[in-house]
Amino acid sequence: MGNFVKPQVHLVGFTEVHEPGLHGYLKATNQLGFWDTYLAARNDGLTGGEALCSVYAKLCYKSLVLGTNANVVKVRDIETNLRSCHETGHGSVFEHCSLNFIVTNCSRVYTHEQVRHRAAPPHGNADALDNDQSGDGVAYAQTSGRYCRLDNIDLVWSDVLDPVKDLWRNKLGHIEDLVYLTECRLGLRKPPNNGLTYPDKSIADDLCLDYSREDPQHAQYRWVPDDSFNFEKRKIITSAIRRIAPNGQSNEIGMTLNIRALRHVVQVRTARFAETEIRDIYNQVYGIVNEKFRTIFHGARTRDHEGLLEVYGMRQQPYDLDPHDPRCLEVWTTSELQREIDARATLQA
Ligand SMILES: Cc1cc2nc3c(=O)[nH]c(=O)nc-3n(C[C@H](O)[C@H](O)[C@H](O)COP(=O)(O)OP(=O)(O)OC[C@H]3O[C@@H](n4cnc5c(N)ncnc54)[C@H](O)[C@@H]3O)c2cc1C
């Protein structure tokens, strides 16, 4: 039988600067002064992806260096520029850098929720953002249930079910048996070619029906995958069998999110209203990203809720108000204000 598992997040890639190309662009446009700004930011620990977002932000206003736009009287270093973009809600520049993750040992409960995230939030302030184009914020690749066989069903465990773990361990084996027996009957498996013949012919004929996973005697007679079986049919049957697989079946999802989408998804999926598994996953995402990219979660506040962080307070749009901005009193509804009061009370408790 498979194992009870917990999800794990891996950061496997992120957007980087092609330095000869950036240098070539700066040289060709007489903005080489920015190269030192760029090197200073990198030496100070900013990633290429973050620096790239600043390049695009500064490109909007011709503010890479002084002297290209008479309206610009001072130029900011990259980190100040990035933080200012987050504070003003100039979110579209953050669509230029994406982070690539693989989440392992995650359930289809989680992946169903994850794939609802499609895009970065839309543009808000036409003045600031009229030269930006909307783009897709998230890309996915997930274990194929159509192609991958269900030999072992690892189950992504929820601690809520701890009191009945023994029951689940037992019954899950029955699901695996059902998969096995179906594969035997429909031709995806054949008798083992280990020279062993089942001692009792009457049981042998029916072996695939009587197979008992508990009995080591039977295990050696276990039917093996029949590679000669027509590939297309194998795929069709594998796909059909997955109907028996539980939502909690462990699988993997690869996902790529741009920074803008990431900030949005981290906030909604670490919130206390989200399901525990996705909260756990986005706690991991938050920790991993925060360690490597110090500007990405600019403005974020965190508080504990039932052992996991809730990340909140990041400005997503030019029209979003920071909860500490006194204008909230004028703009927010009574229930929005009450929610904030409750949240602060929880924090102080
Ligand atoms: C706690 C919780 C409970 C949930 N419960 C349910 C449920 O019971 N049933 C259910 O079906 N779903 C449920 N969902 C899923 C939810 O409805 C969304 O589908 C999911 O959170 C995706 O987020 P998003 O809409 O912000 O989209 P994202 O793709 O993450 O997009 C981000 C933002 O971009 C903008 N955007 C994206 N696409 C468009 C578009 N096509 N048009 C206009 N603007 C766009 C929106 O501003 C959106 O907020 C739940 C989500 C959470 C967090």
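In listed order, ligands and their atoms are each counted from 1.
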- Between E16 and R42, is there a salt bridge with N-O shorter than 4.0 Å? yes

- Is a salt bridge present between R83 and E79, judged by a nitrogen-to-oxygen distance below 4.0 Å? yes

I'd like the name of whichever of [options] reaches closest to [atom] through any heavy atom.
atom	options	answer
atom 48 (C) of ligand 1	H264, Q317, R272	H264
atom 51 (C) of ligand 1	R269, Q267, H112	R269
atom 25 (O) of ligand 1	H117, R118, Q316	R118

- Task: Establish, yes or no, whether the cationic atom of R189 lies under 6.0 Å from the six-membered ring centre of Y180 and within 45° of the ring axis.
- Result: no

- Message: Does the plane of the ring in H86 sit parallel, tilted or perpendicular to the ring in H298? Use 30° and 60° as the thresholds.
- Response: parallel

- Does ligand 1 have any atom that is closer than 4.0 Å to a heavy atom of E275? no

- Item | Residue I237 excluded, over 12 heavy atoms near CD1 under 6.0 Å | yes

- Message: Need the ligand 1 atom indices (1-based, order shown) with element for anything under 4.0 Å from a heavy-atom of F273.
- Response: 1 (C)

